[in-house]
Amino acid sequence: MSTNITQSPFYFILTGILGFEDYHIWISIPFCCFYIISIIGNTTILTVVHTEPSLHRPMYLFFSMLALTDLGLTLTTLPTIMGLFWFNIRKISFEACFAQLFFLHGFSFMESSVLLAMAFDHYVANCLPLHYASILTNEVTGRIGFTIICCCALAVLPSLFLLKRLPFCGSHLLSHSYCLHQDLIHLVCAGTQVNNWYAFALVLLIIVMDPLLIVLSYAMLLRSVLGVSSRAERLRALNNCLLHILAVLVLYVPMVGVSITHRFAKHNSPLVHVIMANVYLLAPPVMNPIIYSVKTRQIHHGLVHLLCPNNMHSR
């Protein structure tokens, strides 16, 4: 069935926080703070890794990839959310909504893939240290990054094409202040079996397979480290594992929560959906720079060197 939405101007209607419309200008303050923290934090990590020659290694290149995806997530939704809170701009065109949907889900999938690549990097660094330099060169790291971009873009595109062919002849009111696939699919007035099966396949590949592979890599890493290394090496490896596990939880817990609420809690309070959607959106970009800049000594040292170069040279 073809849709008539491309034959005339077509808009979706964004929704803020229901019941708190009169307080949107005040609610925008913490959102603005989160966005500023995310932009400054991730831009700073990218700058530190770029300007510090000692950080031009696979581990820190993966950090910069993670910061780049977080920055992309932030900039993808910032215009619609802040536009709604500040200027009450609720309309979003069909094309703009689908573009936002593509980048939002694309960057989310990229973040998951980068975390999996970082888990592999930690495994090789701790279990195969003598072969690390030959296995994970900067060239190989670049190829991994390019593959992640291509695979995630190709994974999202079919869901957009499948969604675009369907008619939106009912309500055009979205339940969030940005476009989300789980939200748009509920507005379709036709069969969505193919879309649902494809979304289910993506869930298996991204939300299920990536975390399982990450858990497997860390189980093998811990088995190797706890059995052979000294106490100091064990503590160093466990610290690195803890940082990465925190980043994994920050991404996957809200992602799974959003999927569950849209699938099984449709009749819950709209406020539950809004809170889960915004946690899913803001938690990784805000928390990841804090986790890695505070707890990673080399990133922390590079940050100090970037902010206070004179003090570093005088030591």
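Just so it is clear, the structure is predicted and the values come from calculations on it, not from any experiment.
- Under the 4.5 Å side-chain heavy-atom criterion for grouping Ile, Leu, Val, Met, Phe, Trp and Tyr, Met65 is connected to Val140 within one hydrophobic cluster.
- In this structure a side-chain-to-backbone donor-acceptor pair under 3.5 Å is present from Thr43 to Ile39.
- Rounding to the nearest 0.5 angstrom, the gap separating the CG atom in Asp121 from the CZ atom in Phe63 is 8.0 Å.
- Note on residues 138-160: no pairs pass ring pair (Phe, Tyr, Trp, His ring centres under 6.0 Å), not counting sequence neighbours.
- Atom NE2 of His122 is separated from atom CG of Leu221 by 8.5 Å, given to the nearest 0.5 angstrom.
- Tracing side-chain contacts under 4.5 Å through hydrophobic residues (I, L, V, M, F, W, Y), one never reaches Leu116 starting from Val215; they form parts of separate clusters.
- Residues Ser175 and Thr15 approach most closely at C-CB, 4.0 Å, considering heavy atoms.
- Summarising the local packing, OH of Tyr132 is surrounded by more than 12 heavy atoms from other residues, nucleotides or ligands at distances under 6.0 Å.
- One hydrophobic cluster holds both Leu78 and Ile89 under the rule that ILVMFWY side chains link at heavy-atom gaps under 4.5 Å.
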Could you go step by step and tell me if Leu180 and Leu184 meet the side-chain contact (heavy atoms from CB on, under 4.5 Å) rule? CA-CA 6 Å; Leu180 199 64; Leu184 265 67; 5.8 Å; no
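- Heavy atoms from other residues, nucleotides or ligands lying under 6.0 Å from NE2 of His50 number 12 at most.
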Take Ile81 and Tyr35 through the side-chain contact (heavy atoms from CB on, under 4.5 Å) test and state the conclusion after the steps. CA-CA 11 Å; Ile81 291 181; Tyr35 276 123; 3.1 Å; yes
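- Nearest heavy atoms, Asn138 versus Pro58: OD1-CD, 3.5 Å.
- Put simply, the side chain of Thr137 never gets that close to the backbone of Ser134: no donor and acceptor are under 3.5 Å apart.
- Looking only at side-chain heavy atoms (C-beta outward), Phe20 and Val274 stay at 4.5 Å or farther from each other.
- Counting heavy atoms from C-beta outward, Ile13 and Leu174 have side chains that stay 4.5 Å or more apart.
- One distance of note links CG of Leu162 with CG of Leu157; it measures 11.0 Å at 0.5 Å rounding.
- The side-chain heavy atoms of Asp210 and Ser113, taken from C-beta on, include a pair separated by under 4.5 Å.
- The shortest non-hydrogen separation linking Val49 to Leu55 is CG1-O, 4.0 Å.
- Every residue was checked against the ring-ring contact (aromatic ring centres under 6.0 Å, His included) condition with Phe107, not counting sequence neighbours, and none meets it.
- Residues Glu111 and Asn288 bring a donor and an acceptor atom of their side chains to less than 3.5 Å of each other.
- The shortest side-chain heavy-atom distance between Thr69 and Leu66 falls under the 4.5 Å cut-off.
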Can you give the donor-acceptor pairs under 3.5 Å from side chains of residues 198-206 to other protein atoms, not counting sequence neighbours?
unit_1: Tyr198; atom_1: OH; unit_2: Ala155; atom_2: O; d: 2.7

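- With hydrogens and angles disregarded, a donor-acceptor distance shorter than 3.5 Å links the side chain of His24 to the backbone of Ile17.
- Through side-chain heavy atoms spaced under 4.5 Å, either directly or across other Ile, Leu, Val, Met, Phe, Trp or Tyr residues, Leu249 is tied to Ile245, Val253.
- Follow the hydrophobic side-chain contacts under 4.5 Å out from Trp86 and you never reach Ile36; the two are in separate clusters.
- Annotation: side chain of Pro285 is not in contact with side chain of Leu71 (no heavy-atom distance under 4.5 Å).
- Nearest heavy-atom pair across Phe85 and Ser28 is CB-CB, 3.6 Å.
- Annotation: Phe168 is in aromatic contact with Phe12 [ring centroid separation under 6.0 Å].
- In this structure, His172 and Phe10 have side chains that are in contact, with non-hydrogen atoms separated by less than 4.5 Å.
- Under 3.5 Å, the side chains of Thr77 and Gln100 contain no donor-acceptor pair of N or O atoms.
- Using a 4.5 Å heavy-atom cutoff, the side chains of His181 and Leu160 are not in contact.
- Scanning both residues, Asn195 and Leu163, for their nearest heavy atoms gives ND2-N, 3.4 Å.
- Listed by chain and number, the residues in a ring-ring contact (aromatic ring centres under 6.0 Å, His included) with Phe98 are Phe94 (sequence neighbours excluded).
- For the residue pair Tyr280/Ser108, the side-chain donor-acceptor check at 3.5 Å is satisfied.
- With contacts defined as side-chain heavy-atom distances shorter than 4.5 Å, the pair Val286/Asp70 does not qualify.
- The list of disulfide bond (SG atoms under 2.5 Å apart) pairs with a residue in residues 25-142, not counting sequence neighbours, reads Cys97-Cys179.
- The structure places OH of Tyr60 at 12.0 Å from OH of Tyr292, a figure rounded to the nearest 0.5 Å.
- Hydrophobic clustering (side-chain heavy atoms under 4.5 Å, transitive across Ile, Leu, Val, Met, Phe, Trp, Tyr) groups Met220 together with Leu115.
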Take Tyr11 and Ile92, measure what side-chain contact (heavy atoms from CB on, under 4.5 Å) needs, and give me the verdict at the end. CA-CA 5 Å; Tyr11 297 93; Ile92 181 170; over 6 Å; no
Take Leu251 and Ser112 through the test side-chain contact (heavy atoms from CB on, under 4.5 Å) and record every step on the way to the result. CA-CA 8 Å; Leu251 173 66; Ser112 176; 4.0 Å; yes
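- Distance check, rounded to the nearest 0.5 Å: CD of Glu95 to NZ of Lys164 gives 7.5 Å.
- Atom OG1 of residue Thr192 and atom NE2 of residue His186 lie 8.0 Å apart, to the nearest 0.5 angstrom.
- Closest of all the heavy-atom pairs between His176 and Ala277 is CE1-CB, 3.3 Å.
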